[in-house]
2 protein chains.
Amino acid sequence: MTTEQIERGARARTRAAILDAAAALWARDFSAPFGAIAERAEVSRSTLHRYFADRQALVDALLVDSLDHLNGADPESASDEDPMDALERHLRAGIEIGDRVIFLFADPDRFAGNPNWPADDSSEGLTPLLDRARAEGAIAADIPNAWAENLFYAVLYTAAEVSAGDVPRHMAADLAVRSFRRSMAG
Amino acid sequence: MTTEQIERGARARTRAAILDAAAALWARDFSAPFGAIAERAEVSRSTLHRYFADRQALVDALLVDSLDHLNGADPESASDEDPMDALERHLRAGIEIGDRVIFLFADPDRFAGNPNWPADDSSEGLTPLLDRARAEGAIAADIPNAWAENLFYAVLYTAAEVSAGDVPRHMAADLAVRSFRRSMAG
DNA sequence: GCTAAATGCGACAGTGATGTCGCAGAATGG
DNA sequence: CCATTCTGCGACATCACTGTCGCATTTAGC
């Protein structure tokens with residue numbers, strides 16, 4: 001390969017395959033060993049180590065990659081958009097990349113202390129959208145953000161879960177949206 | 001100790017303490033080592049091994065114990081009880097034993113192939129209650145059991161999760177009940 | 001076709017968890 | 001008070017995963 005920083009072509013594809021494999025396995029079992037990830041990605045363990053020197057490197061890379069997926073799959077909402085519609089888009093986008101989301105949120109303190117993990121101050125994440133939705137009455141006043149946000153990801157998680165079974169993904173997504181909207185209603 | 005099968009007294013308490021410790025740790029990290037569980041249970045690793053010969057033995061014991069908790073904490077509903085009320089009692093009972101529930105349902109195929117894991121045939125688990133609730137109109141006709149059941153445990157999981165934080169347990173339970181009932185409404 | 005990069009294979013030592021012991025002290029029950 | 005049981009401590013071999021090599025082979029670029 002050339003000396004450029006940004007990988008592309010075959011190398012980028014291999015890297016993506018490894019991240020996909022890691023997300024798929026670590027979503028279910030965060031203790032899945034490197035060997036299993038390599039096998040799933042159809043690379044040798046040696047190659048995996050050439051892309052990611054150690055476990056921490058792969059965890060970090062998958063963390064930022066998953067966050068990119070989550071944000072990138074869902075363009076920022078216009079400030080005049082209905083916040084509940086924005087949440088719905090965010091939910092549907094998340095279901096499309098289920099493994100990444102499960103990896104991110106399966107264990108709430110998996111990335112505690114990781115500099116790449118977004119701090120959960122009130123200006124980040126879902127909070128502004130939830131606040132706006134509550135101001136509009138789409139979320140009942142007595143539902144705290146902690147519950148709304150956790151339930152959001154639980155519903156997302158469930159949809160990703162169910163669509164791995166016999167419920168088609170689009171149907172799971174519809175059910176998820178419907179369940180979340182009704183859950184939040186006052 | 002005598003030769004009786006059923007343990008009681010101090011030995012039963014030690015056993016229960018170990019199971020509690022395992023549930024608490026494994027709920028967050030299933031790869032938590034035996035040493036950590038022993039420490040949390042305030043027993044030596046040797047003693048832990050005297051109660052449960054190997055990891056699999058403890059996993060199995062915790063599985064059946066958690067299922068017992070889940071079912072036992074919730075007396076069978078009278079057949080004339082409103083099915084949605086029965087589900088609510090089941091949900092509230094589950095939240096009381098959050099760690100056990102998280103341990104049971106954090107990874108849907110953690111116990112795949114385990115003979116103690118209830119087969120998901122339609123005559124078991126929540127299915128009869130869900131069917132009755134749907135017949136009464138408390139659950140919309142177009143919500144499949146797969147979604148209802150998975151969402152039930154997701155809501156339960158979320159309540160257990162949130163009540164480990166700054167939301168008091170009774171409030172989390174109320175939010176969970178409310179969210180589930182509204183999610184299912186037609 | 002030639003060169004350089006990328007990959008697979010196998011080996012290696014290091015590490016942490018596991019499961020098994022024996023022994024000595026503490027707790028328990030008659 | 002004595003015998004039995006339970007427990008903690010530390011040692012031990014074993015195992016699986018990890019991270020690092022060197023070398024041979026394949027692949028890709030010019």
Side-chain angles (χ1 to χ4, degrees), chain A residues 1-63 103 107 110-111 113-114, chain B residues 1-63 103 106-107 110-114:
Chain A
M1 84 178 180
T2 60
T3 62
E4 40 197 349
Q5 319 276 18
I6 301 171
E7 296 169 346
R8 52 183 185 180
R11 191 163 176 94
R13 275 194 299 277
T14 300
R15 190 186 137 95
I18 292 173
L19 291 174
D20 279 346
L25 293 189
W26 281 350
R28 302 312 177 111
D29 177 14
F30 190 45
S31 66
F34 252 44
I37 295 172
E39 189 177 5
R40 167 120 185 183
E42 295 182 298
V43 281
S44 68
R45 198 167 63 91
S46 305
T47 299
L48 206 169
H49 273 290
R50 286 193 186 94
Y51 280 78
F52 305 96
D54 53 29
R55 189 183 172 91
Q56 193 57 49
L58 180 52
V59 169
D60 289 345
L62 183 55
L63 170 56
F103 165 74
D107 178 4
R110 172 173 296 175
F111 306 109
N114 192 311
Chain B
M1 79 179 183
T2 60
T3 63
E4 42 200 348
Q5 318 277 16
I6 300 172
E7 296 167 344
R8 53 186 184 177
R11 190 162 177 96
R13 275 194 299 277
T14 300
R15 189 187 139 95
I18 292 173
L19 290 174
D20 279 346
L25 293 188
W26 281 350
R28 299 310 176 120
D29 176 15
F30 191 45
S31 66
F34 251 45
I37 295 172
E39 190 178 4
R40 167 117 185 185
E42 296 182 295
V43 216
S44 68
R45 199 167 64 88
S46 306
T47 298
L48 207 169
H49 272 290
R50 287 191 187 98
Y51 280 77
F52 305 97
D54 54 29
R55 189 182 173 92
Q56 192 58 47
L58 180 52
V59 169
D60 289 345
L62 183 56
L63 169 56
F103 165 74
D107 177 2
R110 172 173 297 174
F111 305 109
N114 192 311

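Predicted model only: the values in this text are computed from it and were never measured. Order of the sequence lines fixes the chain letters, A, B, ..., with proteins taken first and strands second; residue numbering starts at 1 for each chain.
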Peer 1: What's the closest nucleotide to the side chain of B:Arg45 if the choices are D:dA11, D:dC17, D:dG19?
Peer 2: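 In terms of side-chain proximity for B:Arg45, the closest of D:dA11, D:dC17, D:dG19 is D:dA11.
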Peer 1: Between B:Arg55 and C:dG19, does any side-chain N or O lie under 4.0 Å from OP1 or OP2?
Peer 2: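 No.
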Peer 1: For the pair made of CG in B:Leu48 and C1' in D:dC9, what is the distance, rounded to whole Å?
Peer 2: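 It works out to 15 Å between those atoms.
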Peer 1: Out of C:dT18, D:dC17, D:dT7, which has the shortest distance to the side chain of B:Pro33?
Peer 2: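 Nearest to the side-chain atoms of B:Pro33, counting from C-beta on, is C:dT18.
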Peer 1: For the pair made of CG in A:Leu58 and P in D:dC17, what is the distance, rounded to whole Å?
Peer 2: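 Spelled out: CG on A:Leu58 to P on D:dC17 is 16 Å.
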Peer 1: Check every atom of D:dT7, C:dT7, D:dG8 against the side chain of A:Thr47 and return the nucleotide holding the closest atom.
Peer 2: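 Ranking D:dT7, C:dT7, D:dG8 by closest atom to the A:Thr47 side chain puts C:dT7 first.
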Peer 1: Quickly work out the B:His49 NE2 to D:dT14 C1' distance and round it to whole Å.
Peer 2: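 Those two atoms, NE2 and C1', are 13 Å apart.
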Peer 1: Provide, to the nearest angstrom, the distance between the CD1 atom belonging to B:Ile37 and the P atom belonging to C:dG19.
Peer 2: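 Whole-Å distance recorded here is 11 Å.
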Peer 1: Taking the nucleotide of DNA chain D with the closest heavy atom to each, which residue, B:Thr14 or A:Gly35, is nearer the 5' end?
Peer 2: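 Final value for this comparison: B:Thr14.
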Peer 1: Given the ring of A:Phe34, does A:Arg40 sit roughly above its face, with NZ or CZ under 6.0 Å from the centre of the six-membered ring and within 45° of the axis?
Peer 2: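 Relative to the ring axis of A:Phe34, which defines the angle, A:Arg40 lies outside at least one limit.
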Peer 1: Which whole-number value in Å describes the distance from B:Glu39 CD to D:dC9 P?
Peer 2: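 Nearest whole value for this atom pair: 11 Å.
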Peer 1: Kindly point out which of D:dT18, C:dG8, C:dT7 is positioned nearest to the side chain of A:Phe34?
Peer 2: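 Out of D:dT18, C:dG8, C:dT7, the nucleotide with an atom closest to A:Phe34's side chain is D:dT18.
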Peer 1: Rounded to whole angstroms, how far apart are CZ on B:Arg13 and C1' on C:dA27?
Peer 2: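 In whole Å, C:dA27 C1' and B:Arg13 CZ are 13 Å from each other.
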Peer 1: Can you tell me the distance, in whole Å, between the OH atom of B:Tyr51 and the P atom of D:dT5?
Peer 2: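 Distance, rounded to whole Å: 14 Å.
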Peer 1: Distance criterion of 3.5 Å, no angle test: do you see the side chain of A:Ser44 paired donor-to-acceptor with the base of C:dC9?
Peer 2: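 Side chain to base: no pair below 3.5 Å.
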Peer 1: For the base of C:dG19, is there a side-chain donor-acceptor partner from B:Arg50 under 3.5 Å away?
Peer 2: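 No, the side chain and the base share no sub-3.5 Å donor-acceptor pair.
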Peer 1: Quick one: are A:Ile18 and A:Arg15 in side-chain contact, heavy atoms under 4.5 Å?
Peer 2: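 Heavy-atom side-chain distance check fails, nothing below 4.5 Å.
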Peer 1: Would you confirm whether B:Arg110, through its side chain, and A:Asp29, through its main-chain N or O, come within 3.5 Å as a donor-acceptor pair?
Peer 2: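 Looks like no, no N/O pair under 3.5 Å.
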Peer 1: Of the nucleotides C:dC21, C:dT7, D:dC21, which one has an atom closest to the side chain of A:Ser46?
Peer 2: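 The nucleotide sitting nearest to the side chain is D:dC21.
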Peer 1: How close or far is atom C1' of D:dC17 from atom CG of A:Leu25, stated in whole angstroms?
Peer 2: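 Result: 15 Å.
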Peer 1: With A:Arg11 as the cation and A:Tyr51 as the aromatic partner, state whether NZ or CZ is under 6.0 Å from the six-membered ring centre and within 45° of the axis.
Peer 2: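 Yes, A:Arg11 lies over the aromatic ring of A:Tyr51.
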Peer 1: For A:Glu42, answer base if it contacts any base atom (sugar-phosphate contacts may also be present), sugar-phosphate if it contacts only those atoms, and nothing otherwise; contact means non-hydrogen atoms under 4.0 Å.
Peer 2: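 Here A:Glu42 touches the backbone only, sparing every base.
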Peer 1: Ignoring hydrogens and geometry, is there a side-chain-to-backbone donor-acceptor pair from B:Trp26 to B:Ser31 under 3.5 Å?
Peer 2: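 No; judged by distance alone, with no hydrogens or angles, the pair does not exist.
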